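Computed from a prediction, not measured in an experiment: that's the story for all the values here. Residue numbers begin at 1 in each chain, while the letters A, B, ... track the order of the sequences. The figures that follow rest on heavy atoms only: side chains count, while hydrogens, waters and symmetry mates do not.
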Amino acid sequence: MKTPSDYQQSIYDVVSLIPKGRVTSYGAIAQFLSLGSARIVGWALNRLSGNNPRQIPAHRVVNAKGVLTGWRAFGSPNTMASLLQSEGVVVEGNRVVDFASTFWHPEELVEE
DNA sequence: CAGCTGACGCATA
DNA sequence: GTATGCGCCAGCT
């Protein structure tokens, strides 16, 4: 099968596995998949923007600081934050409150 | 083919 | 806390 890019598919898979009310970072996914660069994750999600047939909860993916960097790809500057807050994630402006507790590790699901 | 950009991350000043 | 530079990989012009 023609995989556009294996890692990209893996990224979507991992992102889809993010539990509701939790968030993860690009670096976490990149490291989990051994991509070697958080940019690959951001790039993959960016490609997703405007059309996510898999309902990829990209809004659950933030940068290492818990800041909603990709909020612009959702069409509205408030969409991403609204989605997160709707899931129980407290967002202040473009930043996740109590990011450490809200953070979710890909391996956590595997361990669980 | 060469150069630039990008939803990042980290180090340094 | 803010600003700048470097690295990293893939895609687009």
Completion exercise
Closest to the side chain of A:Ala73, out of C:dG11, C:dC9, B:dA7, is B:dA7

Tabulated below should be each protein N or O lying under 3.5 Å from an N or O of nucleotides 9-13 of chain B; please produce it.
residue, atom, partner, partner atom, Å
B:dG9, OP1, A:Gly27, N, 3.3
B:dG9, OP1, A:Ala64, N, 2.9
B:dG9, OP2, A:Ala64, N, 2.8

Completion exercise
Test side chain to side chain contact (heavy atoms under 4.5 Å, CB included), reference A:Met80, set A:His59, A:Gln85, A:Arg72, output is A:His59

Handout entry: Rounded distance in Å - CD1 (A:Ile11) to P (B:dG6)
Key = 19 Å

Practice task
Select base, sugar-phosphate, or nothing to describe what A:Ala30 touches, counting heavy atoms under 4.0 Å on all strands.
Solution key: nothing

Exercise for the section: Report the nucleotide, chosen from C:dC8, B:dA7, C:dA10, that has the shortest atom-to-atom distance to any side-chain atom of A:Ser37. Expected result: C:dC8

Handout entry: Shortest side-chain distance from A:Met80, nucleotide among C:dA10, C:dG11, B:dA7
Key = B:dA7

Exercise for the section: May I have the distance from A:Leu35 (atom CG) to C:dA10 (atom C1'), rounded to whole angstrom? Expected result: 12 Å

Practice task
For A:Ser76, enumerate each residue passing the side-chain hydrogen bond (donor to acceptor under 3.5 Å, both in side chains) test, keeping only those at least two apart in sequence or located in another chain.
Solution key: none

Exercise for the section: Would you mind reading off the distance between A:Ile56 atom CD1 and B:dA7 atom C1', rounded to a whole angstrom? Expected result: 14 Å

Practice task
Return the value, rounded to whole Å, for the distance between atom CD1 of A:Ile40 and atom P of C:dG7.
Solution key: 16 Å

Problem - SB check A:Glu87 A:Arg60 (cutoff 4.0 Å) - result: yes

Handout entry: Whole-Å distance separating the CG atom of A:Leu45 from the C1' atom of B:dA7
Key = 7 Å

Problem - Interatomic distance at P, B:dC1 relative to C:dC8, whole Å - result: 22 Å

Handout entry: Taking every non-hydrogen atom, the tightest pair across A:Ala30 and A:Ser37
Key = CB-O, 3.5 Å

Problem - A:Asn63 side-chain N/O to A:Gly66 backbone N/O, donor-acceptor pair under 3.5 Å - result: yes

Practice task
Grab the CG-P distance between A:Asn46 and C:dC12 for me, whole Å please.
Solution key: 11 Å

Exercise for the section: For B:dT5 versus C:dT4, give the span between their P atoms, rounded off to a whole number of Å. Expected result: 16 Å

Handout entry: ILVMFWY network linking A:Ile11 to A:Trp104, side-chain heavy atoms under 4.5 angstrom
Key = yes

Exercise for the section: Check the distance between B:dA7's C1' and A:Trp71's CH2 and give it to me in whole angstrom. Expected result: 9 Å

Exercise for the section: Let me know the distance between CG of A:Leu84 and C1' of B:dA7, rounded to the nearest Å. Expected result: 13 Å

Problem - Distance-only polar pair, side chains of A:Asn78 and A:Ser82, donor-acceptor under 3.5 Å - result: yes

